[in-house]
Amino acid sequence: MRLQNTLTGSVEDLVPVTPGRIGLYVCGVTPYDAAHVGHAMSLMVYDVLVRYLRWRGLQVTFVSNYTDVDDKLIDRAAQQGRDPLELANANIEQWEREQQALGLILPDVRPRVTREIDNIIGMIEEIVANGLAYVTPAGDVYYRVRSKADYGKLSHRNIDDLRTGTRFEPGDAKEFALDFALWKAQKPGEPAWPSPWGLGRPGWHIECSAMARRYLGERFDIHGGGVDLIFPHHENEIAQAEAAQHAPGPTFANIWMHNGMVQRDGEKMSKSLGNVVNVAEALDRWSPDAIRMYVLSSKYRQPNNLTDEAMAAAIAGIERLTAALRPGPGTAPTTIDIAASRARFIEVMEDDLGTPQALATLFDLARAINRGRDAGEEIGAAQATLRELAGVLGLTLVERATDEAAARLDPAPFAKLASRLEVACSGNDVASTIDALVERRIAARTEKYWALADTIRQELDALGVTLEDSAAGTRWSVKR
RNA sequence: GGCGCCGUAGCCAAGUGGCAAGGCAGAGGUCUGCAAAACCUUCACCGCGGGUUCGAUUCCCGCCGGCGCCUCCA
C-alpha cells in the first residue's frame, strides 16, 4: 500500500517496521466538550485504514489517546463548577458510545494522559538529561526548539519564518518564544502530580510522544491526525521523540498521514466559529452509513464541505447500494466479473486510500448486480462480494428498519387516514397502521379497485411513506 | 508576511501528458393497472492568461478566486 507522507511530501510504500504488523497512532480528542462531525470524520478515515489493512491480513495495533488534562478542559470545568477529570470522563464515555453508534472501531489502546503521568515524566527526564530541555525557577520545563537544526521538517517551515513577534508572547522564563512546555508547574486550583520539578502537569505535546513510544515502540509505521495538528503539535511530537531517542537512526513514525477538515459553508468547523455539528446531532439526522458515505466520497486529505445537498446524495447512494443486495430469484449463470471488481477495489485502496474510487467500484458492481437480477442471473456471489467490500469500508448496507423509522413519524395523520378509509387503526403504532393500510390496498388491487389503491398510495406518499409493488408483495419504506 | 492546499458538468467528487471515474439531481425511454425500484440512453472540453510539448485538464510561470496552518483545534 502507498500513502502520502507529510514528512517527505510524497506518496510512499508502506513498509512495516515489523513484517506483517502495523502500528498506527492517531491523535485523539481533548474531551472538554462533545465530539463533533469533524472528530468523527477524522477517526473514520483511520477506521477505514485499519479495516482495510486487517482485511489484507496485516495485524494492526491501533492507538488513539485522550488528552484529559489541558488548559481548555480546566477552564471549561471551572466555568461549569465541575471537576476537570470528571468532565473529561463524562465526555470520553459519551464519545466512545458515539463511536460505536457510528460504527467506528474503537482503537485497541486508548491511553489517557492522567493514567500515563509516570511514563510522561520519564520521557521528559530523558529529554532534560539529553540537554534539549531546561527547567525554569518556577518549575516549568521547556523544550529548547533551537537545539535541533531540523526543527520544522514536518511542517516544512523555518523557525525564522514564523510570526513570533506578533503572535507569540515570549514568556519571561522562556529562552525563546517558540520553546514549548513539556511540564507546567501547578497553578492554584489546577490538577497536579508530583514530579522531579515539583507539582505540575504535562504540557500539551509530550503525551502523544510518550504514549506512542510506550505502546508502539520508538519507531512505528503510521502517525495520523488532522492537518491542523501538523504545526505545532506533530512537529513538537517529533522533536520530543527524537530528543529522547535511545537508538540511533530514524525514529518515531515512518509515515505521517493527515486528514482534511470538515467544513460548514466553506469554513472549517470549529467551536470558535460556532458552526459545529455535534456527533449526536448528526446521528439524529443521518444514518451511520450515510455519514460514512459522505466522508468516504472525497479523498481523505481534502477538506469536506458538509451540506444538506451532500448528505442527501450520500443517503441516496447508500439506498442504491443497499437495494442492490435485495435477493433475486435468478438461476442463470452470471457474467458479472467479481474478480475484476475485487481487484479494482484493492488497486484503488492501495493507492493512498482511494475511497472515492473504491466507492465507484461498489456502484459499478451494484449496477452489474441489478442488471444480472433483471436478466434472471444468479447474483448471490456478486452480492456477497459487494457486501464484503462495503464492509471493508465500514458500510453495513442494512435495510433501514421500517418499524423504527415509522416510530419517528407523527401517528395522528396516519390514524386520520385509516379512519377515513375505514381501516382498523392501531393507535400510536404507526407501522401497524401502515401495514393495515397496505393490506387494504392489496385487497383493492386484487379487486382491481384502482381508485382506492391509488388513493392509499398517494396519501401515504404525502405522509412520507413510499410503497413498492413487486412479485414478492408490497414493501413500504419511510422517505428521508 | 511565511508555509501548504484547492478551483473539473446544476450539486458532490475522482483522475490522467493523447478522445474526463462514480454519486446526486435533470431529460427521454423500457418495465409497471398507476407508481416506486431497477435497467437503457442522454448531460463537462476541466478558473483566466502565457510557456514547454506532436499533443495539457494533467508539467512550468503569472494572475484571479477560495480554504487551511503559522494561537487551542480532528
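For A:Lys153, the NZ atom counts as densely surrounded, since its 6.0 Å shell holds more than 12 non-hydrogen atoms of other residues, nucleotides or ligands. Atom NZ of A:Lys448 has 12 or fewer heavy atoms from other residues, nucleotides or ligands within 6.0 Å. Within 6.0 Å of CD on A:Glu404 lie no more than 12 heavy atoms contributed by other residues, nucleotides or ligands.
Between the side chain of A:Arg110 and the main chain of A:Pro107, a donor-acceptor pair closer than 3.5 Å is present. In this structure, the side chain of A:Glu350 engages the main chain of A:Met1 through a donor-acceptor pair within 3.5 Å. Under a 3.5 Å cut-off, the side chain of A:Lys299 and the backbone N or O of A:Gln302 do not form any donor-acceptor pair. A:Lys174 places a side-chain N or O within 3.5 Å of a backbone atom of A:Asp179 that can act as its donor or acceptor partner.
Atom CE of A:Met261 and atom C1' of B:C72 are 13 Å apart (whole Å). Atom P of nucleotide B:C70 and atom CG of A:Leu154 are separated by 14 Å, given to the nearest angstrom. Here the C1' atom of nucleotide B:C72 and the CG atom of A:Asn236 are 13 Å apart, to the nearest Å. Taking atom OH of A:Tyr32 as the reference point, atom P of B:C72 lies 12 Å away to the nearest angstrom. Between A:Asp70 atom CG and B:C72 atom P the separation is 10 Å, expressed in whole Å. When the P atom of B:A21 is taken as reference, atom CZ of A:Phe345 falls 21 Å away, rounded to whole Å. The nearest whole Å value for the distance from the CZ atom in A:Arg301 to the C1' atom in B:C69 is 16 Å. In this structure, the CG atom of A:Asn158 is 12 Å from the P atom of B:G2, given to the nearest Å.
Residue A:Gly266 is in sugar-phosphate contact alone, with no base atom involved, counting any heavy-atom pair closer than 4.0 Å across all strands shown. Across all strands shown, A:Met269 has heavy atoms under 4.0 Å from base atoms, whether or not it also approaches the sugar-phosphate. Among the protein residues, A:His36 comes within range of the nucleic acid bases, having at least one heavy atom under 4.0 Å from a base atom. Among the protein residues, A:Thr361 comes within range of no part of the nucleic acid, since none of its heavy atoms lies under 4.0 Å from any strand. Within 4.0 Å (heavy atoms only), A:Val26 reaches no atom of the nucleic acid at all. In this structure, A:Ala316 reaches the sugar-phosphate backbone alone: every heavy-atom distance under 4.0 Å involves primed, P, OP1 or OP2 atoms, never a base. Across all strands, A:Gly260 comes closer than 4.0 Å to base atoms (heavy-atom distances). A:Gly225 comes within 4.0 angstrom of the backbone, heavy atoms only, and of no base.
Centroid-to-centroid, the aromatic rings of A:Tyr46 and A:Phe62 stay 6.0 Å apart or farther. Checked against a 6.0 Å centroid threshold, the rings of A:His234 and A:His205 do not count as neighbours.
Comparing the P positions of B:C72 and B:C12 gives an interatomic distance of 33 Å, to the nearest angstrom. Atom C1' of B:C6 sits at a distance of 44 Å from the matching atom of B:C31, rounded to the whole Å. Annotation: B:G23 and B:U30 have their P atoms spaced 23 Å apart (nearest Å). Separating the C1' atom of B:G29 from that of B:G7 is a span of 37 Å, rounded to the nearest Å. Taking the C1' atom of each, B:C61 and B:C43 are spaced 35 Å apart, rounded to whole Å. Between the P atoms of B:U58 and B:C45, the separation comes to 16 Å (whole Å). Here, B:C5 and B:C19 have their C1' atoms 30 Å apart, quoted to the whole Å. To the nearest whole angstrom, the two C1' atoms, one in B:U8 and one in B:C34, are 41 Å apart.
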Tell me, for nucleotides 26-35 of chain B in 5' to 3' order, what letter each nucleotide earns: B for a base near a protein heavy atom under 4.0 Å, S for only sugar-phosphate near one, - for neither? -------BBB
Just by protein heavy atoms under 4.0 Å, how would nucleotides 8-15 of chain B read 5' to 3' in B, S and -? -----SSS
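Among the candidates A:Arg420, A:Arg441, A:Arg440, the single residue satisfying the salt bridge (charged side-chain N to carboxylate O under 4.0 Å, His left out) test with A:Glu459 is A:Arg420. Here the rule is side-chain contact (heavy atoms from CB on, under 4.5 Å) with A:Asn278, and of A:Gln94, A:His36, A:Glu98 only A:His36 fits it.
Nucleotide B:C34 has no partner under the Watson-Crick or G-U criteria, as no pair reaches both atom distances under 3.5 Å. Across all strands shown, B:G51 is found opposite B:C59 as a Watson-Crick or G-U wobble partner, with both distances under 3.5 Å. B:G7 and B:C64 make up a base pair, with Watson-Crick or G-U wobble contacts both under 3.5 Å. Pair check for B:C46 finds none; no Watson-Crick or G-U wobble contact set falls under 3.5 Å. Pairing partner, B:C39: B:G29, with both Watson-Crick or wobble hydrogen-bond distances short of 3.5 Å. Under the Watson-Crick or G-U wobble criterion, with both distances below 3.5 Å, B:A21 has no partner in any strand shown. Base pairing annotation: B:C69 forms a Watson-Crick or G-U wobble pair with B:G2, both donor-acceptor distances under 3.5 Å. The pairing partner recorded for B:U16 is none, the criterion being a Watson-Crick or G-U wobble arrangement whose two distances lie under 3.5 angstrom.
Across the interface with RNA chain B, nearest-nucleotide mapping of A:Ala312 and A:Gly38 shows A:Ala312 to be the residue nearer the 5′ end. Residues A:Arg344 and A:Ser155 each lie close to RNA chain B; by heavy-atom proximity, the contact nearer the 5' end of the strand is made by A:Ser155.
Annotation: side chain of A:Phe345 is in contact with side chain of A:Leu393 (closest heavy-atom distance under 4.5 Å). Put simply, the side chain of A:Pro356 does not reach to within 4.5 Å of the side chain of A:Ser297, judged on heavy atoms. Looking at heavy atoms from C-beta onward, A:Asn259 lies out of side-chain contact with A:Arg301 at the 4.5 angstrom threshold.
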If you restrict it to nitrogen or oxygen atoms, what contacts under 3.5 Å exist between nucleotides 38-42 of chain B and the protein, and what is each distance?
| unit_1 | atom_1 | unit_2 | atom_2 | d |
| --- | --- | --- | --- | --- |
| B:A38 | O3' | A:Asn370 | ND2 | 3.0 |
| B:A38 | O2' | A:Asp374 | OD2 | 3.1 |
| B:C39 | OP1 | A:Arg320 | NH2 | 3.3 |
| B:C39 | OP1 | A:Asn370 | ND2 | 3.3 |
| B:C39 | OP2 | A:Arg320 | NH1 | 3.2 |
| B:C39 | O4' | A:Asp374 | OD2 | 3.2 |
| B:C40 | OP1 | A:Arg371 | NE | 2.9 |
| B:C40 | OP1 | A:Arg371 | NH2 | 2.4 |
| B:C40 | OP2 | A:Arg367 | NE | 3.2 |

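Between A:Ala40 and A:Leu102 the shortest heavy-atom distance is CB-CD1, 3.7 Å.
Distances shorter than 4.0 Å separate some side-chain N or O of A:Lys268 from OP1 or OP2 on B:C69.
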